[in-house]
Amino acid sequence: MTDKVRAKKHLGQHFLKDEEVAERIANTLTLNNYKNVLEIGPGMGVLTKYLLDKPVTTYVCEIDTESVTYLQAHYLQLSNKILEEDFLKYDLKKTFKEEPFAIIGNFPYNISTQIVFKTLAMRDQIPEFSGMFQKEVAQRICAPHGNKTYGILSVLTQAFYDAEYLFTVPPGVFNPPPKVDSGVMRLIRKENFTLPCDEKLFFRVVKTAFQQRRKTLRNSLKTFNLSNNLKEDTIFGLRPEQLAVQGFIDLTIKIANDSVQT
């Protein structure tokens with residue numbers, strides 16, 4: 001039985017070794033509207049042990065076989081609750097069926113944004129999401145409009161979740177230490193998380209607008225072949241970071257109506 005798991009660079013592993021930070025992350029969960037929690041990338045279980053103390057059923061998703069062996073040996077409560085899977089490829093309905101669950105973790109930096117996008121795709125089942133990212137990514141997700149880091153990830157996440165940056169974590173609490181600070185943030189799903197516009201079009205509008213973020217919407221959205229009449233609307237004189245989520249919803253509705261008429 002191994003007493004230590006080696007951090008593997010190709011998996012983006014940086015093991016948290018600070019108990020106080022681990023407990024603080026576990027305590028970011030509100031435990032509202034769900035009975036199951038899924039931790040992504042538990043490593044040696046420093047965060048897991050605090051989750052197991054909570055009145056929820058904890059599952060862990062871990063692709064590293066060495067970590068899985070360690071968890072099986074040290075956390076008997078996780079019996080049948082370890083998903084030895086790649087989170088991004090695994091069909092979570094196999095485990096949770098239609099039941100809601102929260103996601104938490106000290107996320108590998110190299111796949112952290114993909115984890116958020118998968119969460120957005122499964123938002124019907126995920127009322128809460130909490131965990132640690134590279135600080136810049138966490139700040140970007142939580143950035144308000146008008147901020148220079150506000151972008152695609154900010155708008156798409158905040159369309160469905162209330163995002164809050166909670167605290168910063170220095171490199172020294174990890175083994176090995178990353179080269180950057182980390183940031184812990186929490187997403188709580190909005191009460192009404194369906195959009196009053198075409199969702200596919202909304203995603204397309206947001207992504208296209210930010211691909212040329214320095215340009216006005218009139219120029220960045222040229223591929224939508226908008227009518228001259230619509231392009232006169234004052235909203236098209238703005239740059240994408242000037243629009244809050246509601247602004248993008250309004251924009252999507254205007255574009256949808258325009259294409260119906262032209």
Side-chain angles (χ1 to χ4, degrees), residues 12 88 107-123 126 129 131-165 168 178-183 185-190 192-262:
L88 296 176
F107 304 118
Y109 290 163
N110 53 351
I111 60 164
S112 60
T113 54
Q114 293 162 275
I115 290 171
V116 174
F117 279 121
K118 180 161 180 175
T119 298
L120 296 181
M122 291 195 71
R123 58 189 176 274
I126 304 174
F129 176 104
M132 186 145 51
F133 290 78
Q134 184 174 332
K135 182 183 177 182
E136 284 177 3
V137 176
Q139 286 178 323
R140 192 181 312 145
I141 292 168
C142 301
H145 71 285
N147 187 295
K148 68 177 191 295
T149 61
Y150 180 75
I152 295 171
L153 202 54
S154 329
V155 178
L156 297 183
T157 305
Q158 292 172 36
F160 308 105
Y161 289 87
D162 291 319
E164 187 183 1
Y165 186 92
T168 301
K179 293 184 170 71
V180 293
D181 281 346
S182 300
M185 53 144 246
R186 177 175 59 211
L187 306 176
I188 295 178
R189 193 177 60 197
K190 293 182 174 182
N192 181 4
F193 56 93
T194 51
L195 297 181
C197 63
D198 180 323
E199 281 182 12
K200 278 188 181 167
L201 183 59
F202 176 80
F203 273 65
R204 225 180 100 213
V205 167
V206 173
K207 287 176 177 176
T208 307
F210 279 104
Q211 274 165 6
Q212 297 176 297
R213 62 179 300 139
R214 292 173 186 276
K215 293 189 175 182
T216 63
L217 295 165
R218 192 172 289 116
N219 290 315
S220 61
L221 298 179
K222 272 182 176 170
T223 53
F224 285 86
N225 296 321
L226 306 171
S227 67
N228 289 330
N229 194 28
L230 181 59
K231 281 190 281 192
E232 291 310 307
D233 191 306
T234 53
I235 199 168
F236 286 93
L238 300 172
R239 291 192 308 279
E241 74 264 18
Q242 293 176 283
L243 257 64
V245 170
Q246 186 58 51
F248 275 104
I249 291 170
D250 296 341
L251 180 62
T252 303
I253 292 169
K254 287 173 194 279
I255 291 172
N257 291 339
D258 188 59
S259 61
V260 167
Q261 291 160 14
T262 52

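The figures here come from the full heavy-atom set of this structure, side chains too, leaving out hydrogens, waters and symmetry mates. Here, residue 1 is the first one in the sequence, and each next residue gets the next number.
Using a distance-only test at 3.5 Å, with no hydrogens or angles considered, a donor-acceptor pair links the side chain of Arg218 to the main chain of Lys231. The closest donor-acceptor contact from the side chain of Arg123 to the backbone of Arg189 lies at 3.5 Å or more, if one exists at all.
Aromatic rings of Phe203 and Phe117 (six-membered ring for Trp) have centroids beyond the 6.0 Å cut-off, not under it.
Phe133 approaches Val137 most closely through the heavy-atom pair CD2-CG1, 3.9 Å. Between Glu241 and Arg213 the shortest heavy-atom distance is OE1-O, 3.4 Å. Heavy atoms only, all atoms of each residue included: Ala163 and Gln158 are closest at CB-CG, 4.2 Å. The shortest non-hydrogen separation linking Gly131 to Phe107 is CA-CE1, 3.7 Å.
Asn228 meets the side-chain hydrogen bond (donor to acceptor under 3.5 Å, both in side chains) test with no other residue; sequence neighbours excluded. With sequence neighbours left out, the side chain to side chain contact (heavy atoms under 4.5 Å, CB included) criterion links Thr194 to Asn192. Not counting sequence neighbours, the partners of Gln246 by the side-chain hydrogen bond (donor to acceptor under 3.5 Å, both in side chains) test are Asp250. Judged as a side-chain hydrogen bond (donor to acceptor under 3.5 Å, both in side chains), and not counting sequence neighbours, Asp162 has no contacts. Partners of Leu195 according to the side chain to side chain contact (heavy atoms under 4.5 Å, CB included) rule, which considers only residues two or more places apart in sequence or in another chain, are Ala159, Phe160, Cys197, Glu199, Phe202, Ile249. With sequence neighbours left out, the side-chain hydrogen bond (donor to acceptor under 3.5 Å, both in side chains) criterion links Asp233 to Lys254.
Tested against Tyr161 for a side chain to side chain contact (heavy atoms under 4.5 Å, CB included), the candidates Leu120, Ile141, Ile188 yield a single pass: Leu120.
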